[in-house]
**Q** 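Provided herewith is a single structure, encoded as C-alpha cells, for subsequent inquiry.
Nothing fancy with the numbering, it's 1 onward along the sequence.
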Amino acid sequence: MAKSFYAFLLFSFFFMNQLSAQKQQIKTQLVEYKDGSTTLEGYLAYDASLKGKRPGVLVVHEWNGINDYTKKRCEQLAKMGYVAFAADIYGKGIRPKSPQESGAEAGKYKSNNPLLRQRVTAGLAQLKKQPTVNPAKVAAIGYCFGGYTALELARSGADLAGVVSFHGNLGTTVPVTAGKMKAKVLVAHGAIDPYVPQKEVDAFFKEMNEAKVDYQFIAYSNAVHSFTNPESGNDNSKGAAYNATADRRSWEAMKTFFAEIFK
C-alpha cells in the first residue's frame, strides 16, 4: 500500500512538472538596435505564457561575443519567469572566431571605459523597452568579459536592482565613489583563477567597502576562470576550465540573490 502511494506521488510530481513545462511558451528572437551609428544585434528570450510585467535580466556575453552559450543562459532565465536580453557589445556580425580575435575585440572596450559603459547602457535601455519588463526590477549578469562589463555598468550608477559577475575581472580604471552605485552586487569567483590575481580581489574589496556598496563575494574552491562554461574543458592547468559544482552553486546563489532584490 505504501509503495503504491509513493508511486502515485512520484507520478503526480512528474506529471505536474511536465504539464507546467508544456504550458510555458519560451519565445526567442534577435533584436536589432543602435548605439549611436553602430548597429547591434541582441538576443531576447521570454515566456509568452506569462501575463503582465516581470523582472528583466540583461546578460552580457564572454569575450567571444553572443553565441550559443549566451543564448542558453537567456533561455534558462526565461524559463525561470524573467525577460532576458543578451546585450551585444561588439556590434552586429562581429563574432570572434579565435582567442586572438576575442582578445583583440574585448581589448578595444577594456581600454576604452566610456565606450564600454555606453555600449552596455544601450543594451540595458533596450531591455527596459520591452513591454513585458518591469523597469523598476532589472538586473544584469555577465560571464568573464561580461562579468567585468556588468560591474562597469553598476559602477556607472545605472538604475539597476543588482548585478552578478561570474568569473569576471574585478579591476577598473574608474572606481565607483560613495553613494553612486545603486545596484547590489554578487561576485561568483574561482578561488584559484589565475586571471584575477589576489591583488585585484583585494582592490575590489577596498573599492566596494569605501563606496559602501552592498556586495557579496563567493569564492568557489578548485575553480579557475570560465568555470560555468562546459566548452572550457576540464584542465585547470590551462587557467580556464569547467567546474560543474561551482557552476551549479553559483547559479543557485544567483537565484537567491534575485529573490532578494526583486521582492
Side-chain angles (χ1 to χ4, degrees), residues 26 28 42-43 45 56-80 82 84-90 95-96 99 102-103 105-106 110 120 123 139-154 160 162-171 183-197 200-201 204 215-261:
I26 305 303
T28 63
Y43 183 79
V57 181
L58 188 72
V59 181
V60 190
H61 55 74
E62 297 174 294
W63 71 343
N64 46 3
I66 294 176
N67 56 17
D68 289 343
Y69 176 75
T70 317
K71 294 174 181 178
K72 173 194 165 187
R73 291 301 188 184
C74 288
E75 290 156 18
Q76 284 181 290
L77 289 162
K79 289 175 183 176
M80 291 164 58
Y82 301 117
F85 181 68
D88 180 12
I89 304 301
Y90 296 160
R95 304 291 182 262
S102 296
E105 198 62 36
K110 292 186 79 170
V120 70
I141 72 172
Y143 298 85
C144 297
F145 167 77
Y148 165 79
T149 303
L151 287 173
E152 286 302 308
L153 180 61
L160 289 164
V163 298
V164 184
S165 169
F166 294 93
H167 44 79
N169 286 98
L170 304 173
K184 295 181 180 180
V185 174
L186 170 63
V187 170
H189 175 68
I192 54 173
D193 185 340
Y195 297 115
V196 185
E200 191 172 312
V201 175
F204 175 78
Y215 74 98
Q216 301 173 52
F217 185 98
I218 306 175
Y220 296 97
S221 62
N222 199 41
V224 291
H225 207 61
S226 202
F227 63 77
T228 64
N229 193 336
E231 294 182 8
S232 300
N234 56 12
D235 185 355
N236 274 8
S237 69
K238 293 182 177 179
Y242 181 62
N243 184 306
T245 300
D247 180 23
R248 174 179 55 79
R249 287 175 174 173
S250 61
W251 190 255
E252 290 302 315
M254 180 203 71
K255 288 181 181 179
T256 301
F257 181 67
F258 282 175
E260 176 186 316
I261 65 173

**Q** Can you name the side-chain hydrogen bond (donor to acceptor under 3.5 Å, both in side chains) partners of Ser221, sequence neighbours left out?
**A**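 Checked Ser221 against side-chain hydrogen bond (donor to acceptor under 3.5 Å, both in side chains); zero matches.
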**Q** Going by the rule side-chain hydrogen bond (donor to acceptor under 3.5 Å, both in side chains), which residues pair with Ser165 if we only count those two or more places apart in sequence or in a different chain?
**A**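 Scan of Ser165 (side-chain hydrogen bond (donor to acceptor under 3.5 Å, both in side chains), adjacent residues dropped) gives none.
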**Q** Backbone N or O of Asn222 within a donor-acceptor pair of the Asn236 side chain at under 3.5 Å?
**A**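 Checking the backbone N and O of Asn222 against the side chain of Asn236, a donor-acceptor pair under 3.5 Å is found.
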**Q** Would you please classify the geometry between the Phe227 ring and the His167 ring as parallel, tilted or perpendicular, with 30° and 60° separating the classes?
**A**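 Perpendicular.
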**Q** side-chain contact (heavy atoms from CB on, under 4.5 Å) with Val60: which of Ile66, Thr70, Asp88, Ile89?
**A**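 That would be Ile89; it is the only one of Ile66, Thr70, Asp88, Ile89 passing the side-chain contact (heavy atoms from CB on, under 4.5 Å) with Val60.
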**Q** Tell me the closest heavy-atom pair linking Ala191 and Ala219, and the distance in Å.
**A**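 The pair with the smallest heavy-atom distance is CB-CB, 4.1 Å.
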**Q** Walk me through it: do Val57 and Met80 pass the test side chain to side chain contact (heavy atoms under 4.5 Å, CB included)?
**A** CA-CA 11 Å; Val57 181; Met80 291 164 58; over 6 Å; no
**Q** Could you pull out every donor-acceptor pair under 3.5 Å between side chains of residues 252-259 and any protein atom, sequence neighbours left out?
**A**
| from | atom 1 | to | atom 2 | distance (Å) |
| --- | --- | --- | --- | --- |
| Glu252 | OE2 | Lys255 | NZ | 3.2 |
| Thr256 | OG1 | Glu252 | O | 3.2 |

**Q** Hey, can you tell me if Phe145 and Tyr90 have their rings parallel, tilted or perpendicular (30° and 60° cut-offs)?
**A**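 Ring orientation, 0 to 90° scale: tilted.
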**Q** Would you say the side chain of Asn234 lies within less than 4.5 Å of the side chain of Tyr242, judging by non-hydrogen atoms?
**A**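 A side-chain contact under 4.5 Å is absent here.
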**Q** Please round to the nearest 0.5 Å and tell me the distance separating atom CZ of Arg95 and atom CG of Asn67.
**A**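 It comes to 9.0 Å.
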**Q** Excluding sequence neighbours, so at least two apart, what forms salt bridge (Lys or Arg N to Asp or Glu O under 4.0 Å) with Glu105?
**A**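 Testing Glu105 for salt bridge (Lys or Arg N to Asp or Glu O under 4.0 Å), a comparison that skips the adjacent residues, returns Lys108.
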**Q** Determine the sole option in His61, Glu75, Lys71 for which the side chain to side chain donor-acceptor pair (under 3.5 Å) test with Tyr43 is passed.
**A**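 The side chain to side chain donor-acceptor pair (under 3.5 Å) with Tyr43 is passed solely by Glu75 among His61, Glu75, Lys71.
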**Q** Apply side-chain hydrogen bond (donor to acceptor under 3.5 Å, both in side chains) to Tyr195 and list each qualifying residue two or more places apart in sequence or on a separate chain.
**A**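 With sequence neighbours excluded, Tyr195 shows a side-chain hydrogen bond (donor to acceptor under 3.5 Å, both in side chains) to no residue whatsoever.
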**Q** Which pair of heavy atoms, one from Ala45 and one from Thr28, lies closest together, and at what distance?
**A**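 Here Ala45 and Thr28 meet closest at CB-CG2, 4.0 Å.
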**Q** Please name all residues satisfying salt bridge (Lys or Arg N to Asp or Glu O under 4.0 Å) with Glu260, sequence neighbours left out, ordered by chain then number.
**A**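 Result, salt bridge (Lys or Arg N to Asp or Glu O under 4.0 Å) vs Glu260: Lys184.
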**Q** Can you check whether Gly171's main-chain N or O pairs, donor with acceptor, with Glu200's side chain at less than 3.5 Å?
**A**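 Side chain of Glu200 to backbone of Gly171, a donor-acceptor pair under 3.5 Å: yes, one is there.
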**Q** For a quick test of reading the model, state the closest non-hydrogen atom pair linking Ser250 to Tyr220 and the distance between them.
**A**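 Nearest pair, atom of Ser250 first, then Tyr220: CA-OH, 3.3 Å.
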**Q** Could you please spell out the steps behind the side chain to side chain contact (heavy atoms under 4.5 Å, CB included) verdict for Thr228 and Tyr143?
**A** CA-CA 8 Å; Thr228 64; Tyr143 298 85; 3.3 Å; yes
**Q** Can you tell me how far the CG atom of Asn229 sits from the CG atom of Asn64, to the nearest 0.5 Å?
**A**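 Rounded to the nearest 0.5 Å, the CG-CG separation comes out at 8.0 Å.
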**Q** Closest approach of Ala140 and Leu153, non-hydrogen atoms and distance?
**A**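 Nearest heavy atoms, Ala140 then Leu153: CB-CD2, 4.1 Å.
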**Q** Measuring only between side-chain heavy atoms, which start at C-beta, is Tyr69 closer than 4.5 Å to Arg73?
**A**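 Yes, close enough: below the 4.5 Å cut-off.
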**Q** Would you give the length of the straight line joining atom OG of Ser226 to atom CH2 of Trp63, rounded to the nearest 0.5 angstrom?
**A**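 Here the interatomic distance stands at 9.5 Å.
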**Q** May I ask you to test the Phe217-Val201 pair for a side-chain heavy-atom distance under 4.5 Å?
**A**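 Yes, close enough: below the 4.5 Å cut-off.
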**Q** Checking side chain to side chain contact (heavy atoms under 4.5 Å, CB included) for the pair Ile141/Leu77: CA distance, chi angles, key distance, verdict?
**A** CA-CA 11 Å; Ile141 72 172; Leu77 289 162; 4.0 Å; yes
**Q** Nearest 0.5 angstrom please: Leu170 CG to His189 NE2, how far?
**A**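 That separation rounds to 6.5 Å.
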**Q** How far does CZ of Arg248 sit from CG of Asn243, to the nearest 0.5 angstrom?
**A**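 It is 10.0 Å, given to the nearest 0.5 Å.
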**Q** Measure the shortest side-chain to side-chain distance between Leu58 and Leu160 over non-hydrogen atoms and say whether it is less than 4.5 angstrom.
**A**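 Not touching, per the 4.5 Å side-chain cut-off.
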**Q** Give, for atom CG of Asn169 and atom CG of Asp193, the distance between the pair rounded to the nearest 0.5 Å.
**A**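 Interatomic distance, Asn169 CG to Asp193 CG, rounded to 0.5 Å: 7.5 Å.
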